[in-house]
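For reference, the structure is listed below as structure tokens.
One is the number of the first residue; the rest follow in order along the sequence. What you see is a predicted model, and the numbers here were worked out from it, not measured in a lab. Just so you know, these numbers use all the heavy atoms, side chains as well, and skip hydrogens, waters and symmetry mates.
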Amino acid sequence: MTDPDPTRGKRREREAQTQVLSRGFDPRLSVGSARPAVFRSSTYVFSSPEAAERAFATALGKRTPEPGEEVELIYSRISHPNAEILEAQVVPLEQGAAAAAAFNSGMAAISTLLLTYCRPGAGIVHTVPVYGGTHHLLYELLVPWGVNPVAVPAGDGDALARAIRETTNLSLVLIETPANPTLRMTDLRAAVSAAQERTPAPIVAVDNTFLGPVFQHPLELGVNVCLYSATKYLAGFSDMLGGIITARDPELLTPVRGTRAFLGNILQPDECWLLDSRLPTVNLRMNRQSKNAQRIAERLAGHPRVARVHYPSLFEEPDQQRIFAAQCDYPGGIFSLELVGGKAAAFDFLRNLRITKNAVSLGGMESLACHPATTTHSEMDPEQLASAGVNDALVRVSVGIEDWRDLLEDYEHALDAI
Ligand SMILES: *Cc1c(COP(=O)(O)O)cnc(C)c1O
């Protein structure tokens with residue numbers, strides 16, 4: 001498929017960088033302050049009893065607001081000004097998005113989407129490996145409630161299309177691409193076209209935490225919603241938890257906001273303000289992190305202590321190269337090293353790092369490294385680990401914004417010390 005307007009992506013990117021600083025915020029509503037105020041109020045004063053009646057009728061879906069009508073706020077568990085500003089400013093960052101919703105963690109975003117759209121008896125097709133918390137949610141919480149998850153290995157397009165065709169009562173397809181920690185990619189266009197062959201078509205959701213919103217644009221490929229752990233690149237400083245859902249169709253988020261109001265997992269005003277202030281630099285940070293990671297990963301690929309580097313620009317399988325070229329702008333800030341010498345070598349490597357810290361999580365300005373088999377992926381059994389490509393020799397690195405030459409030296413020194 002050729003893009004009818006090849007400049008469109010670039011134009012969207014330009015608009016995004018500008019709009020993220022201006023959209024959704026009216027200084028007059030914050031006594032003229034250039035940055036939004038923080039509205040720390042649990043409840044909101046109505047201008048009249050009629051306005052209160054209209055606000056409740058709107059919140060309960062009994063009426064739709066007139067064009068241009070300002071619906072008054074009710075109570076902060078439902079929504080509040082800082083969430084509304086944040087949600088308005090996330091939208092231009094996600095190409096193809098028309099709406100966004102904020103949550104108090106990435107898991108809150110994922111749980112709320114799944115609890116809204118997966119009823120007892122529903123099928124969910126998902127790629128493996130998925131984030132550990134998501135795996136738990138599916139198998140510990142949703143299976144006992146009668147939801148039926150079907151796992152498909154990341155990158156196996158035929159198996160994914162088959163599962164999408166054959167799973168009974170399929171309500172949702174949940175794809176994590178690239179997969180963690182091997183960065184195996186799943187073809188989103190193919191998943192969307194398999195989903196669209198079904199009636200009713202299931203919702204296709206992508207956990208876009210690793211490459212979005214800067215380098216991968218699932219909504220432009222027909223995906224319905226993107227999920228984010230905003231804790232990672234969106235917030236970018238390893239100092240807060242947050243979650244975001246973006247959607248092409250705003251109506252899809254209306255019942256999700258309803259579930260959020262029951263669960264009370266909206267992001268709080270202070271955190272919304274903090275996350276909002278990080279959005280204008282997401283593009284700068286991710287570009288620097290991706291450049292750093294690519295320079296380092298490609299140099300480490302030749303090191304005698306490194307058996308293999310998992311990184312998109314180093315993919316060897318033609319199908320993986322094809323997916324990367326078709327759906328990602330840049331390879332991103334995360335690579336995994338498979339070391340010569342197994343677990344002992346991996347632990348030695350982590351022990352000898354001087355700049356990079358041994359911690360889970362990713363996407364922050366500072367570089368972090370961890371041993372997935374004994375930490376983030378330790379609840380998987382040996383068979384699951386093997387099928388996910390997670391072995392004892394693997395170390396995952398999230399590259400920060402330090403000078404790449406210092407980081408390369410850090411890794412070469414730690415490799416030499418094994
Ligand atoms: C961290 C992460 C999550 C969970 O997000 P939290 O903000 O920790 O709740 C989900 N998916 C991916 C890919 C993640 O990296």
Query raised in the report: Does a side-chain heavy-atom distance below 4.5 Å link Ile401 with Gln289?
Result: yes
Query raised in the report: Any cation-pi pair here, Arg285 with Tyr233, using under 6.0 Å and within 45°?
Result: no
Query raised in the report: Taking atom CG of Asp276 and atom CD of Gln89, what is their separation to the nearest 0.5 Å?
Result: 4.0 Å
Query raised in the report: Within a reach of under 6.0 Å around CZ of Arg40, are more than 12 heavy atoms found that belong to other residues, nucleotides or ligands?
Result: no
Report task. List the steps and the verdict of side chain to side chain contact (heavy atoms under 4.5 Å, CB included) for Tyr117 and Leu252. Result -> CA-CA 10 Å; Tyr117 284 110; Leu252 211 139; 3.8 Å; yes
Query - Taking every non-hydrogen atom, the tightest pair across Val214 and Asn287 - result: CG1-ND2, 4.1 Å
Query raised in the report: Is any side-chain heavy atom of Val390 less than 4.5 Å from a side-chain heavy atom of Pro372?
Result: yes
Query - Any side-chain heavy-atom pair of Pro81 and Leu73 under 4.5 Å - result: yes
Query raised in the report: Counting N and O atoms only, with roles assigned by atom type, does the side chain of Ser387 sit under 3.5 Å from a partner on the main chain of Gln384, one being a donor and the other an acceptor?
Result: yes
Query raised in the report: More than 12 non-hydrogen atoms from neighbouring residues, nucleotides or ligands closer than 6.0 Å to CZ on Phe262, yes or no?
Result: no
Query - Sub-4.5 Å side-chain heavy-atom contact between Leu113 and Ile245 - result: yes
Query raised in the report: Could Glu87 and Arg257 be called an ion pair, given the rule that one side-chain N must be under 4.0 Å from one carboxylate O?
Result: yes
Query - Side-chain touch Tyr411/Leu353, heavy atoms, less than 4.5 angstrom - result: yes
Query - Nearest heavy-atom neighbours spanning Leu211 and Pro331 - result: CD2-O, 3.6 Å
Query raised in the report: Any donor-acceptor pair under 3.5 Å linking the side chain of Glu84 with the backbone of Phe25?
Result: no
Query raised in the report: Do Trp273 side-chain atoms and Pro36 backbone N/O form a donor-acceptor pair below 3.5 Å?
Result: yes
**Report entry** Heavy atoms of other groups near Tyr330 OH, more than 12 under 6.0 Å
**Finding:** no
Report task. Please report the C-alpha distance between Asp406 and Asp410 in whole Å, then the side-chain angles of each, then the deciding distance to 0.1 Å, and finally whether the side chain to side chain contact (heavy atoms under 4.5 Å, CB included) criterion is met. Result -> CA-CA 6 Å; Asp406 289 334; Asp410 194 25; over 6 Å; no
Query raised in the report: Would Glu338 and Asn391 count as having a side-chain donor-acceptor pair, cut-off 3.5 Å?
Result: yes
Query raised in the report: What are the two closest heavy atoms between Gly389 and Leu394, and how far apart are they?
Result: O-CD1, 4.4 Å
**Report entry** Any Ile323 side-chain heavy atom under 4.5 Å of Gln320 side chain
**Finding:** yes
Requested in this report: Taking all non-hydrogen atoms of both residues into account, name the closest pair between Gly264 and Asn104 and its distance.
Outcome: O-ND2, 4.2 Å
Requested in this report: Check for a donor-acceptor pair, side chain of Thr43 on one end and backbone N or O of Tyr75 on the other, with a separation under 3.5 Å.
Outcome: no
Query raised in the report: Considering all heavy atoms of both residues, which atom of Arg77 and which atom of Ala261 are nearest to each other, and what is their separation?
Result: NH1-O, 2.7 Å
**Report entry** Note: Arg278-Asp239 ion pair, threshold 4.0 Å (strictly below)
**Finding:** yes
Query raised in the report: Less than 6.0 Å separating the ring centroids of His136 and Tyr131?
Result: no
Query raised in the report: To the nearest 0.5 Å, what is the distance between NE2 (His377) and NE2 (His135)?
Result: 10.0 Å
**Report entry** Approximate separation, where rounding is to 0.5 Å, of Ser105 OG and Asn265 CG
**Finding:** 7.5 Å
**Report entry** Value rounded to 0.5 Å, distance of SG in Cys118 from CG in Leu138
**Finding:** 8.5 Å
Report task. With rounding to the nearest 0.5 Å, note down the distance linking CG in Leu368 to OG in Ser398. Result -> 5.5 Å
Query raised in the report: Okay, side chain of Thr116, backbone of Thr259: is any donor-acceptor separation there less than 3.5 Å?
Result: no
Query raised in the report: Do the side chain of Gln294 and the main chain of Gly332 share a donor and acceptor less than 3.5 angstrom apart?
Result: no
Requested in this report: Evaluate the criterion side chain to side chain contact (heavy atoms under 4.5 Å, CB included) for residue pair Val397 and Ile334; output intermediate values, then yes/no.
Outcome: CA-CA 6 Å; Val397 181; Ile334 296 164; over 6 Å; no
Query raised in the report: Does the side chain of Asn208 pick up a donor-acceptor pair with the side chain of Tyr228 at under 3.5 Å?
Result: yes
Query raised in the report: What closest approach, in Å, do Val204 and Asn224 show between heavy atoms, and which atom pair accounts for it?
Result: N-OD1, 2.8 Å
Query - side chain to side chain donor-acceptor pair (under 3.5 Å) between Asp207 and Thr134, intermediate numbers included - result: CA-CA 10 Å; Asp207 186 329; Thr134 307; 5.0 Å; no
Report task. May I have the step-by-step check of salt bridge (Lys or Arg N to Asp or Glu O under 4.0 Å) for Glu402 and Arg288, ending in yes or no? Result -> CA-CA 9 Å; Glu402 302 93 337; Arg288 166 78 173 225; over 6 Å; no
Query raised in the report: Taking atom types as modelled and ignoring hydrogens, do the side chains of His217 and Glu94 form a donor-acceptor contact shorter than 3.5 angstrom?
Result: no
Query raised in the report: Heavy atoms, side chains only, cut-off 4.5 Å: are Arg184 and Phe315 in contact?
Result: no
Report task. State whether the number of non-hydrogen atoms from other residues, nucleotides or ligands found under 6.0 Å of Glu69 atom CD is greater than 12. Result -> yes
Query raised in the report: Counting N and O atoms only, with roles assigned by atom type, does the side chain of Gln327 sit under 3.5 Å from a partner on the main chain of Pro218, one being a donor and the other an acceptor?
Result: no
Report task. Look at atom CD of Glu166 and say whether more than 12 heavy atoms of other residues, nucleotides or ligands are closer to it than 6.0 Å. Result -> yes
Requested in this report: State whether the side chain of Asn148 and the backbone N or O of Ala122 hold a donor-acceptor pair below 3.5 Å, judged by distance alone.
Outcome: no
Query raised in the report: Do the charged groups of Arg189 and Asp187 touch, with an N to O distance under 4.0 Å?
Result: no
Requested in this report: Take Leu115 and Trp145 through the side chain to side chain contact (heavy atoms under 4.5 Å, CB included) test and state the conclusion after the steps.
Outcome: CA-CA 10 Å; Leu115 289 171; Trp145 277 3; 3.5 Å; yes
Query raised in the report: When you measure from the side chain of Ser48 to the backbone N and O of Ala51, does any donor-acceptor pair fall under 3.5 Å?
Result: yes
Query raised in the report: Under 3.5 Å, is there a donor-acceptor pair linking the side chains of Arg260 and Thr112?
Result: no
Query raised in the report: If you measure from CG on Leu408 to CZ on Arg295, what distance do you get to the nearest 0.5 Å?
Result: 11.5 Å
Report task. Establish, yes or no, whether the cationic atom of Arg396 lies under 6.0 Å from the six-membered ring centre of Phe335 and within 45° of the ring axis. Result -> no
Query - Contact check, side chains of Ser361 and Lys232, non-hydrogen atoms, under 4.5 Å - result: yes
Requested in this report: Without swapping roles, check the side chain of Asn358 against the backbone of Leu350 for a donor-acceptor pair under 3.5 Å.
Outcome: no
